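Here's the structure, in structure tokens; my notes come after.
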Amino acid sequence: MTPDELALAFEQHRPRLRAVAYRMLGNPDDADDALQEAWLRLNRTGDEGIDNLAAWLTTVTGRICLDILRSRSTRREDPLPSGRPDDSAPEILDDASPDPVREAELADVVGVAMQVVLESLDPAERLAFVLHDLFAVPYEQIAPVLGRSVAAARQLASRGRRRVQSGPGAQRAAGDDAGDDVGRRAATPGRTDRQVVEAFLLASRTGDLAGLLAVLAPDVVLRADQAALAAASEAADRGAPLLAREVRGAAAVAGAFRGRAGGAVPALIDGSIGFAYAPNGTPLGLFAVVVHDGRIAAVDMMGDPTTVAEAHVLLLG
């Protein structure tokens with residue numbers, strides 16, 4: 001690539017890289033510094049020999065963030081807490097921007113509560129958990145960043161996940177034990193698909209992001225029909241986030257459902273588990289769910305009146 005083409009390519013990946021760096025470092029200034037260093041390294045080396053620029057940039061950014069975190073640990077320094085998420089971190093899922101890079105940028109919705117928990121993880125756990133569970137980076141790409149085996153990277157992410165599920169970010173801001181209950185149920189082996197859905201709905205209603213992340217697969221996908229998108233657009237006028245026709249990644253899907261699901265109950269939809277929006281006992285919207293290995297892998301939102309009316313729905317709540 002020419003220098004201008006290389007700069008343009010980097011800018012295309014910047015939103016995802018900044019989301020990764022911000023979630024790793026917890027400080028917008030540090031995240032920008034990490035991205036500047038990543039750009040300088042790319043500018044020095046060029047793209048020759050790089051088969052997958054996105055993966056290369058993620059690896060380099062991850063290594064830079066890991067070095068910064070380890071340096072903080074050595075000096076016993078931590079970033080000053082801002083008290084709120086980065087103002088520049090987007091929280092709206094806009095159907096006008098369906099490309100993966102934009103969706104990755106929009107995935108940075110986990111906020112201060114999750115950041116407090118992430119601060120408790122050691123640098124390696126934090127990197128493995130953030131890259132895999134929040135940004136769906138495969139362990140095969142994470143292992144070289146850590147200088148560990150794939151199995152070790154998997155173990156680090158698992159350890160970080162357990163600590164996130166049991167940490168203070170897994171509790172409701174109101175201070176009750178609902179968040180802990182979600183974390184315990186999410187971490188319980190052999191739970192039924194209905195229990196997974198119940199844990200998801202509880203975490204959604206209470207705004208428990210750690211609980212949502214605990215029951216969502218890292219590469220979960222949320223799809224919505226046109227009627228569901230229209231309903232979400234109306235809700236956005238009342239402060240709820242907009243939805244894209246397709247949303248991917250645990251962080252983005254968790255952000256879409258956080259603080260919602262009021263009036264939703266578990267349901268069998270044409271014989272399969274899911275949940276229904278039925279505020280008065282009559283289904284007005286359906287959410288078909290695919291559960292795989294104890295986590296939600298897909299959610300299909302259906303708001304079309306004909307589709308809802310023709311579905312065989314058994315409310316379980």
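It should be emphasised that the depicted structure is a prediction, and the values quoted were computed from it without experimental measurement.
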For this session: Spell out, as yes or no, whether a donor-acceptor pair under 3.5 Å connects the side chain of Asp47 to the backbone of Ile50.
Result: no
Exercise. How long is the gap from CG on Leu35 to CG on Asp30, to the nearest 0.5 Å?
Worked result: 12.0 Å
Exercise. Atom CD in Glu11, atom CG in Leu6: separation rounded to 0.5 Å?
Worked result: 11.0 Å
Exercise. Counting distance only, does the side-chain N/O of Arg205 pair as donor-acceptor with the main-chain N or O of Ala264 below 3.5 Å?
Worked result: yes
Problem set entry | For Leu284, side-chain contact (heavy atoms from CB on, under 4.5 Å) partners two or more places apart | Tyr277, Pro279
Sequence neighbours left out, cut at 3.5 Å: what donor-acceptor pairs do the side chains of residues 301-311 make with other protein atoms?
{"unit_1": "Asp304", "atom_1": "OD2", "unit_2": "Thr306", "atom_2": "N", "d": "3.2"}
{"unit_1": "Asp304", "atom_1": "OD2", "unit_2": "Thr307", "atom_2": "N", "d": "3.0"}
{"unit_1": "Asp304", "atom_1": "OD2", "unit_2": "Thr307", "atom_2": "OG1", "d": "3.2"}

For this session: Mark yes or no for whether Ser204, through its side chain, and Phe200, through its backbone, hold a donor-acceptor pair below 3.5 Å.
Result: no
Please output the side-chain donor-acceptor pairs of residues 138-155 that fall under 3.5 Å, not counting sequence neighbours, one pair per line with the distance.
{"unit_1": "Tyr139", "atom_1": "OH", "unit_2": "His132", "atom_2": "ND1", "d": "3.3"}
{"unit_1": "Tyr139", "atom_1": "OH", "unit_2": "Arg161", "atom_2": "NH2", "d": "3.3"}
{"unit_1": "Ser149", "atom_1": "OG", "unit_2": "Ala152", "atom_2": "N", "d": "3.0"}

Seminar exercise, completed: To the nearest 0.5 Å, atom NE2 of His292 lies from atom CG of Asp193 at 11.5 Å
Exercise. Can you name the side-chain contact (heavy atoms from CB on, under 4.5 Å) partners of Ala34, sequence neighbours left out?
Worked result: Ala21, Leu25, Ile64, Cys65, Ile68
Seminar exercise, completed: On a heavy-atom basis, the closest approach of Pro218 and Arg295 is CD-NH1, 3.5 Å
Exercise. If we only count heavy atoms from C-beta on, is the Glu37 to Leu40 side-chain gap below 4.5 Å?
Worked result: yes
Problem set entry | Exercise: identify the closest heavy-atom pair between Ala267 and Val313 | CB-CG1, 4.1 Å
For this session: Search all heavy atoms of Leu212 against all heavy atoms of Ala254 and return the closest pair with its distance.
Result: CD1-O, 3.5 Å
Exercise. With the threshold set at 4.0 Å, does a side-chain nitrogen-carboxylate oxygen contact exist between Asp32 and Arg18?
Worked result: yes
For this session: Determine, using the 4.5 Å side-chain heavy-atom cutoff (strictly less than), whether Val289 and Val221 are members of one ILVMFWY cluster.
Result: no
For this session: Would you name the heavy atoms of Val247 and Ala252 that are closest together and state the gap between them?
Result: CG1-CB, 3.4 Å
Problem set entry | Set of residues satisfying side-chain contact (heavy atoms from CB on, under 4.5 Å) with respect to Ser272, sequence neighbours excluded | none
Exercise. Heavy atoms, side chains only, cut-off 4.5 Å: are Leu17 and Phe10 in contact?
Worked result: yes
For this session: Establish whether Val197 and Leu316 are linked, either directly or via other cluster members, by ILVMFWY side-chain heavy-atom contacts under 4.5 Å.
Result: yes
Exercise. Minimum heavy-atom separation for Glu198 to Pro266, with atom names?
Worked result: CG-CG, 3.7 Å
Exercise. Does some side-chain heavy atom of Leu57 sit less than 4.5 Å from a side-chain heavy atom of Arg16?
Worked result: no
Problem set entry | Parallel, tilted or perpendicular: rings of Phe275 and Phe287 (30°, 60°) | parallel
For this session: Supply the atom-to-atom distance Leu66 CG to Thr59 OG1, rounded to the nearest 0.5 angstrom.
Result: 12.0 Å
Exercise. With Glu48, which residues qualify under side-chain contact (heavy atoms from CB on, under 4.5 Å), at least two apart?
Worked result: none
Exercise. From Leu8 CG over to His13 NE2, what is the distance, rounded to the nearest 0.5 angstrom?
Worked result: 9.5 Å
Exercise. Roughly how far, to the nearest 0.5 Å, is CZ of Phe257 from CG of Leu216?
Worked result: 8.5 Å
Problem set entry | Closest contact, heavy atoms only, Ala203 versus Gly211 | CB-C, 3.7 Å
Problem set entry | Beyond-backbone contact of Arg159 with Leu156, side-chain heavy atoms, under 4.5 angstrom | yes
Exercise. side-chain contact (heavy atoms from CB on, under 4.5 Å) with Val220: which of Ile296, Leu213, Val290?
Worked result: Ile296
Exercise. With a cut-off of 6.0 Å (strictly less than), are more than 12 heavy atoms of other residues, nucleotides or ligands near CG of Asn52?
Worked result: yes
